[in-house]
Amino acid sequence: MGLRGDAAIVGIAELPAEKKQSGPPRFTIDQYAHLAKLALDDAGLPASVVNGLVTHGIQESDMFAPATLSEYLGMPLDFGERVDLGGATAAGMVWRAAAAIELGACEAVLCVVPGSLMLPRSERRAPASGSPLWYGASSGKYGSPQAEFEIPYGNVGQNAPYAQIANRYAAEFGYDPRATAKIAVDQRTNACSHPDAVFHGKPLSVDDVLASPMIADPIRMLEVVMRVQGGAAVLLTNADLASKARNRPVRVTGFGEHLAFKTPTYAEDLVRTPIARAADRAFEMAGLERADVDMASLYDCYTITVLMTLEDAGFCPKGTGMQWVNDHDLTFRGDFPVNTAGGQLSFGQAGMAGGMHHVVDAARQVMGRGADAQVADCDTAFVTGNGGIMSEQVALLLQGE
């Protein structure tokens, strides 16, 4: 059971990464409208074909996000979905959209993720007060395990938990800081060939990474995601509409999803992550082997995330990732291209749109539109999404028609 590969990505949109927002602030629903139009224009299809929408959420409404957007965009929907998987949200959106199309619930689905743009504020009404995020904690309301047992003891944010993971990895398998630094360097090389990347034209060396400030031992500043302004979207359609689109259809042939915990305190094993189960399911569904992958677009909030994903997704045995990274060229011209637009480390992470960056990067490559960073003969891409602290994982396999 699984996908047949009948649904395909036919349009992509990604705003250039910016450290500071250019132009006037936009409401979230305006950002949706802008990105939706870009994706439709990219596919060469009219808005009238869309009857499905998958969203994460909007600032303007705590509830009824799909209906609010349907109303605002003037798009009656036969399928509306809200996905909440942290950094795995975008990849989760894509397989849900593909499944809805294959079930015949709809013919074309927009998956849109606005980025971390500043929102306009009313001069007549003060912004509504909400629960504080407590320095990065995401479940701060009374009664949640994080609020009860994590926040009071200072276990908040992302830097410290990912450093805990890296330290546990080091204790079990050893740690080569030059190998994790090489991940950042190879992705920066890719970003230097992508004009929309925030670090375009700014090459990096392993020594540069190792000389950057320590954020949470052993993670250094240049091994941490770069926050930017931006946004991304994709349009998926059935085979009939895909044949009318202007781009090479990118079929969604396999997916896997696995959620194991919310905070790493409750993880059975810090260094064996849910992506293993998700990836196995995706490859089995698609009928593919790891050797069939031409490029990988891996969620990269930290370099240790990439390394552990490579291992747990089955591209190298557990505990050998450091040596594997040293032995392989991860640039777009290398033997195992990873994050060919720079990833979130060097293209930039536009809030929740960071996960959609990986979907767009993979689809762009399979479409053959990577320009100076195009991977030769790219027909199969592997994509991951990672939510929380390696807790919510989604894997996708995308193939060209």
Side-chain angles (χ1 to χ4, degrees), residues 87-88 155 157-187 205-207 209-212 214-225 256 258-261 263-280 282-283 289-291 293 296-331 334-339 343-345 382 384-395:
N155 190 16
Q158 290 77 43
N159 292 332
Y162 274 94
Q164 289 174 334
I165 290 173
N167 276 295
R168 179 59 204 162
Y169 186 98
E172 191 164 344
F173 302 113
Y175 199 87
D176 179 3
R178 298 190 72 84
T180 55
K182 180 179 179 294
I183 293 171
V185 170
D186 284 356
Q187 290 190 196
S205 71
V206 168
D207 289 339
V209 177
L210 298 180
S212 66
M214 187 71 74
I215 300 301
D217 193 9
I219 297 172
R220 297 184 177 275
M221 184 180 71
L222 292 176
E223 297 181 274
V224 181
V225 65
H258 191 53
L259 288 65
F261 52 88
T263 54
T265 301
Y266 305 100
E268 289 188 9
D269 188 330
L270 282 177
V271 297
R272 291 168 179 82
T273 70
I275 194 60
R277 183 174 175 85
D280 284 346
F283 277 101
E289 303 295 335
R290 272 65 174 180
V293 171
S297 197
L298 309 179
Y299 199 94
D300 61 327
C301 46
Y302 299 84
T303 53
I304 188 65
T305 309
V306 176
L307 184 131
M308 288 176 55
T309 300
L310 287 166
E311 291 183 350
D312 291 348
F315 293 101
C316 57
K318 193 67 194 175
T320 67
M322 300 284 181
Q323 187 59 51
W324 192 92
V325 165
N326 283 327
D327 291 343
H328 289 77
D329 183 348
L330 309 184
T331 69
D335 58 333
F336 193 85
V338 173
N339 295 335
Q344 298 176 76
L345 290 169
F382 177 70
T384 66
N386 164 46
I389 314 297
M390 302 295 284
S391 54
E392 305 163 289
Q393 302 279 345
V394 175

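Numbers for residues simply follow the sequence, beginning at 1. Because only heavy atoms are used, hydrogens play no part in the values below, and waters and symmetry mates are left out as well, while side chains stay in.
- Closest heavy-atom contact between Ser212 and Leu222: OG-N, 3.4 Å.
- Between Tyr175 and Ile304 the shortest side-chain heavy-atom distance falls below 4.5 Å.
- A donor and an acceptor atom, one from each side chain of Asp176 and Asn326, are located under 3.5 Å apart.
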Check the pair Ile275, Asn386 against side chain to side chain contact (heavy atoms under 4.5 Å, CB included), reporting the backbone distance first and the verdict last.
CA-CA 8 Å; Ile275 194 60; Asn386 164 46; over 6 Å; no
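- Looking only at atom types and distance, the side chain of Asp300 has a donor-acceptor partner in the side chain of Gln187 under 3.5 Å away.
- Here the closest non-hydrogen pair linking Val306 and Leu298 is CG1-CD1, 4.2 Å.
- Side-chain contact of Asp312 with Thr273: a donor-acceptor pair under 3.5 Å is present, judged by distance alone.
- Ionic pairing of Asp327 and Lys182 is not present here: no N-O contact between side-chain nitrogen and carboxylate oxygen is shorter than 4.0 angstrom.
- Using a 4.5 Å heavy-atom threshold, the side chains of Thr263 and Thr265 count as touching.
- Under 4.0 Å is where a charged nitrogen must lie from a carboxylate oxygen, and between Lys318 and Glu172 no such pair does.
- Checked by atom type and distance alone, the side chain of Asn167 pairs as donor or acceptor with a backbone atom of Asp217 at under 3.5 Å.
- Counting heavy atoms from C-beta outward, Ser297 and Thr384 have side chains that stay 4.5 Å or more apart.
- With no hydrogens or angles considered, no side-chain donor-acceptor pair links Tyr169 and Gln164 at under 3.5 Å.
- The aromatic rings of Phe315 and Phe283 sit perpendicular to each other, their planes meeting at more than 60°, with 30° as the lower class boundary.
- Without hydrogens or angle criteria, Arg220 side chain to Leu210 main chain gives a donor-acceptor distance under 3.5 Å.
- Taking both residues in full, the closest heavy atoms of Pro161 and Pro264 are given as CB-CG, 4.0 Å, listed atom of the first, atom of the second, then distance.
- Considering all non-hydrogen atoms of both residues, Gly314 and Arg290 come closest at O-CG, 3.6 Å.
- Residues Leu345 and Thr303 form a side-chain contact, since some pair of their non-hydrogen atoms from C-beta on lies under 4.5 Å apart.
- Between atom CE of residue Met308 and atom CZ of residue Arg272 there is a gap of 9.0 Å, rounded to the nearest 0.5 Å.
- The minimum heavy-atom distance linking Val325 with Leu330 is given by the pair CG1-CD1, 4.4 Å.
- The backbone N or O of Cys316 sits nowhere less than 3.5 Å from a side-chain atom of Thr320 that would complete a donor-acceptor pair.
- The side-chain heavy atoms of Tyr162 and Met390, taken from C-beta on, include a pair separated by under 4.5 Å.
- Note on ring orientation: taking the six-membered ring where Trp is involved, the planes of His328 and Trp324 are parallel (angle under 30°, cut-offs 30° and 60°).
- Annotation: side chain of Tyr302 is in contact with side chain of Val224 (closest heavy-atom distance under 4.5 Å).
- Using a 4.5 Å cut-off on side-chain heavy atoms (C-beta onward), Glu223 and Val209 make contact.
- Checked by atom type, the side-chain pair Asp207/Ser205 shows no donor-acceptor distance below 3.5 Å.
- Residue Ala278 comes nearest to Gln393 through the heavy atom pair CB-O, 4.0 Å, listed as atom of the first residue, atom of the second, then distance.
- A distance of 5.0 Å separates CD of Glu392 from CG of Leu259, quoted to the nearest 0.5 Å.
- Inter-residue side-chain proximity for Asp186 and Val338 is flagged as unmet; no heavy-atom pair is nearer than 4.5 Å.
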